[in-house]
Amino acid sequence: MDDLELRDERTRKKRALRAGLIVPLLAFAAVVVVVASSIMSAIVSDGERLAIFTAAAEIPPELAASTVWLPDPDGLPRAMEPLTRDDVTASWIRAWEQLEIVSLTGDTAGVEVYFANSARESVLRNAPLWDGRSISQLGHTLELTFYSEDGQVIGLQSTESRLLRSETSETGSFIRNTREGYEAVLVLDDGNWRIHHWARRSFEADAWTISRAD
């Protein structure tokens, strides 16, 4: 083999070696891009969920002060602990705050944080029907109806939920105060009290008043 053939043979070997290195590197780079994309997508998604959760999780002081409990009935399987009552109160207020977010934006991303089972299905089913209408809570009067011996299930009723409902139409924007009664069942799921069932039992409303004329 002369010098020219020897150089050609060396060149071919170098090219083959480079090709053998490039292919795995390209494959590794592709994997890195896919993984990084997934991580970024998860970060964005978590960030969006956190923003919604935070909006509902921040309880205005006036709501905490205007949500009160009636005396517990006798004969419950277990007496409710003060810290549990505080947690349930916060969960109830946050659930209504989340409902306000749904009514204003149609975004249901945070619903499962506060609702489960039939209650969650009801909120999701009715989410598209809020168009032009919204709801804000003003305060609640709550009464404990059941507390399981294992501390995992709570029955309560809101003998009066004081709400501000609004509605916008072609003629303008209108508001009215309502006083509504609800029954609910809350279950302790992964450390969070979620509403598994709720139903409205009473409804009283003031007359509509003009909020803003269009």
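These numbers come from a predicted model, not from an experiment.
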_Distance alone, cut at 3.5 Å: any donor-acceptor contact between the side chains of Q152 and Y147?_
no
*Of the options W198, W96, W92, which is the one that meets F115 in a ring-ring contact (aromatic ring centres under 6.0 Å, His included)?*
W198
*Evaluate side-chain contact (heavy atoms from CB on, under 4.5 Å) for V102 paired with W130, printing each intermediate quantity in order.*
CA-CA 8 Å; V102 174; W130 281 104; 4.2 Å; yes
*Is the number of heavy atoms from other residues, nucleotides or ligands under 6.0 Å of L83 CG greater than 12?*
no
*Transitive ILVMFWY side-chain link L186 to M80, under 4.5 Å*: yes
*Just wondering, more than 12 heavy atoms not from D131 lying within 6.0 Å of its CG?*
no
_If hydrophobic clusters are built by linking Ile, Leu, Val, Met, Phe, Trp and Tyr wherever their side-chain heavy atoms come under 4.5 Å apart, do L124 and Y114 end up in the same one?_
yes
_Assess the residue pair R179 and E204 against the criterion (salt bridge (Lys or Arg N to Asp or Glu O under 4.0 Å)); give the C-alpha distance rounded to whole Å, side-chain angles, the decisive distance to 0.1 Å, and a yes or no._
CA-CA 5 Å; R179 294 159 298 282; E204 295 181 2; 3.7 Å; yes
*Is it true that a side-chain atom of S166 and a backbone atom of R176 form a donor plus acceptor pair closer than 3.5 Å?*
no
*So, E167 and R133, do they make that salt bridge, N to O below 4.0 Å?*
no
_Test log, rule salt bridge (Lys or Arg N to Asp or Glu O under 4.0 Å), inputs R78 and E149_ = CA-CA 5 Å; R78 172 174 176 160; E149 291 184 358; over 6 Å; no
*asked:* How close do L76 and D72 get, counting heavy atoms only, and between which atoms?
replied: CD1-CB, 4.2 Å
*Does one side chain, of T141 or T159, offer a donor that lies under 3.5 Å from an acceptor on the other?*
no
*Should V185 and V113 be counted in the same cluster of Ile, Leu, Val, Met, Phe, Trp and Tyr side chains packed under 4.5 Å apart?*
no
*Of the non-hydrogen atoms in H140 and R162, which two are nearest, and what is the gap between them?*
N-NH2, 3.1 Å
_Donor on one side chain, acceptor on other, Q137 and E100, under 3.5 Å_ = no
